[in-house]
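The structure appears right after this line, and notes come after that.
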Amino acid sequence: MDERGLLTYYKQTGDLDTLGKLYAPYMSLLYGACYKYLQDEERSQDAVMQIFEELIVKLRSHEVENFKSWLYVYARNYCLMQLRKEKRVTNVDIEDNLYESEQQLSQSDEKDWTEGDFAKLETCLQTLNAEQERCVRLFYLEQKCYKDIADITGFDLNKVKSFIQNGKRNLKICMEKKK
């Protein structure tokens with residue numbers, strides 16, 4: 001039975017042996033195509049097997065004229081989708097997503113804050129430069145993490161850390177002067 005006959009027979013019956021006969025001659029071609037995109041032997045082998053599994057359903061519902069070229073395009077698209085999914089999953093340093101571990105603002109002296117203390121804090125916040133004030137407000141008052149602050153402000157992650165650290169130091173100095 002030729003390729004066209006195998007394709008027609010598979011579409012009618014769903015016989016996996018027939019699909020295997022249709023697919024087997026192209027496995028090394030597909031492996032090469034997948035390796036070209038994925039650059040990894042194991043992932044390419046997995047892709048060839050996954051594509052076969054997807055063909056079980058796809059070939060019964062699609063009208064395929066030239067199986068070899070259709071299969072190559074399908075494999076290429078499959079690999080590109082895998083790469084696109086990878087880009088969406090970004091690995092982020094855990095430090096960038098955790099709140100600063102040091103005690104927040106001036107909690108080292110565990111006292112209850114009075115309204116006067118909050119007024120002093122507000123006054124001192126206004127003495128900071130604009131970048132420090134914005135980052136300190138987002139970090140301490142809105143409890144945003146470094147990465148969120150960087151996303152909100154557009155500042156580089158290291159700049160955010162620096163603005164918070166310097167802003168905190170300047171706040172502490174200002175608060176001590178106003179005691």
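Remember, predicted model here, so these are calculated numbers, not experimental data.
- Ser44 contributes atom OG, which lies 8.0 Å from atom CD of Gln39 (distance to the nearest 0.5 angstrom).
- Counting only heavy atoms from C-beta outward, the side chains of Lys58 and Trp70 approach each other to under 4.5 Å.
- The minimum heavy-atom distance linking Leu83 with Tyr37 is given by the pair CD1-O, 3.6 Å.
- Hydrophobic clustering keeps Val73 apart from Leu59 (ILVMFWY residues linked when any side-chain heavy atoms are closer than 4.5 Å, directly or through intermediates).
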For Glu65 and Arg4, what are the C-alpha separation, side-chain angles and deciding distance, and is it a salt bridge (charged side-chain N to carboxylate O under 4.0 Å, His left out)?
CA-CA 8 Å; Glu65 291 297 317; Arg4 193 127 191 83; 3.3 Å; yes
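- Around the OH atom of Tyr26, the shell of radius 6.0 Å holds more than 12 heavy atoms that belong to other residues, nucleotides or ligands.
- Heavy atoms only, all atoms of each residue included: Ile56 and Arg60 are closest at O-CG, 3.6 Å.
- From Phe155, atom CZ reaches atom CD of Glu131 across 5.0 Å, with rounding to the nearest 0.5 Å.
- The existence of a salt bridge linking Glu63 and Lys11 is confirmed by a sub-4.0 Å separation between a basic side-chain nitrogen and an acidic carboxylate oxygen.
- The sulfur atoms (SG) of Cys79 and Cys34 lie 2.5 Å or more from each other.
- For Glu42, the CD atom is loosely surrounded, since the number of other residues' heavy atoms within 6.0 Å does not exceed 12.
- Atom OH in Tyr23 sits 12.5 Å away from atom OH in Tyr10 (nearest 0.5 Å).
- Closest of all the heavy-atom pairs between Cys124 and Met175 is SG-N, 3.7 Å.
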Under the criterion side-chain contact (heavy atoms from CB on, under 4.5 Å), I'd like the reasoning laid out for Asp46 against Leu38: C-alpha separation, chi angles, the key distance, then a yes or no.
CA-CA 11 Å; Asp46 290 346; Leu38 302 175; over 6 Å; no
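- Annotation for Glu3: atom CD counts as buried by contact number, over 12 foreign heavy atoms lying within 6.0 Å.
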Show the numbers, then the answer: is there a salt bridge (charged side-chain N to carboxylate O under 4.0 Å, His left out) between Lys147 and Asp151?
CA-CA 6 Å; Lys147 185 177 180 332; Asp151 291 344; 3.3 Å; yes
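- Put simply, NZ on Lys172 and CG on Asn170 are 12.0 Å apart, with the number rounded to the nearest 0.5 Å.
- Cluster membership check: Met49 shares its hydrophobic cluster with Tyr35, using side-chain heavy-atom separations under 4.5 Å among Ile, Leu, Val, Met, Phe, Trp and Tyr.
- With contacts defined as side-chain heavy-atom distances shorter than 4.5 Å, the pair Phe139/Lys168 does not qualify.
- The hydrophobic cluster containing Val64 also contains Tyr74, counting ILVMFWY residues as joined when their side-chain heavy atoms lie under 4.5 angstrom apart, directly or transitively.
- Side-chain contact between Leu128 and Phe163 is absent, with no heavy atoms from C-beta onward closer than 4.5 Å.
- Inter-residue side-chain proximity for Leu22 and Leu55 is flagged as unmet; no heavy-atom pair is nearer than 4.5 Å.
- Side-chain contact between Leu71 and Leu29: absent, with no pair of heavy atoms (C-beta onward) separated by less than 4.5 Å.
- Taking every heavy atom of both residues into account, Thr127 and Cys174 meet most closely at OG1-SG, 4.2 Å.
- For the atom pair Ile149 CD1 and Glu142 CD, the distance stands at 9.0 Å (nearest 0.5 Å).
- Taking both residues in full, the closest heavy atoms of Ala150 and Leu157 are given as CB-CD1, 4.1 Å, listed atom of the first, atom of the second, then distance.
- Between Asp15 and Thr18, the closest heavy-atom pair is OD2-OG1, 2.6 Å.
- Rounding to the nearest 0.5 Å places NZ of Lys144 at 12.5 Å from CD1 of Ile164.
- Open room surrounds NZ on Lys159; 12 or fewer heavy atoms of other groups in view lie less than 6.0 Å from it.
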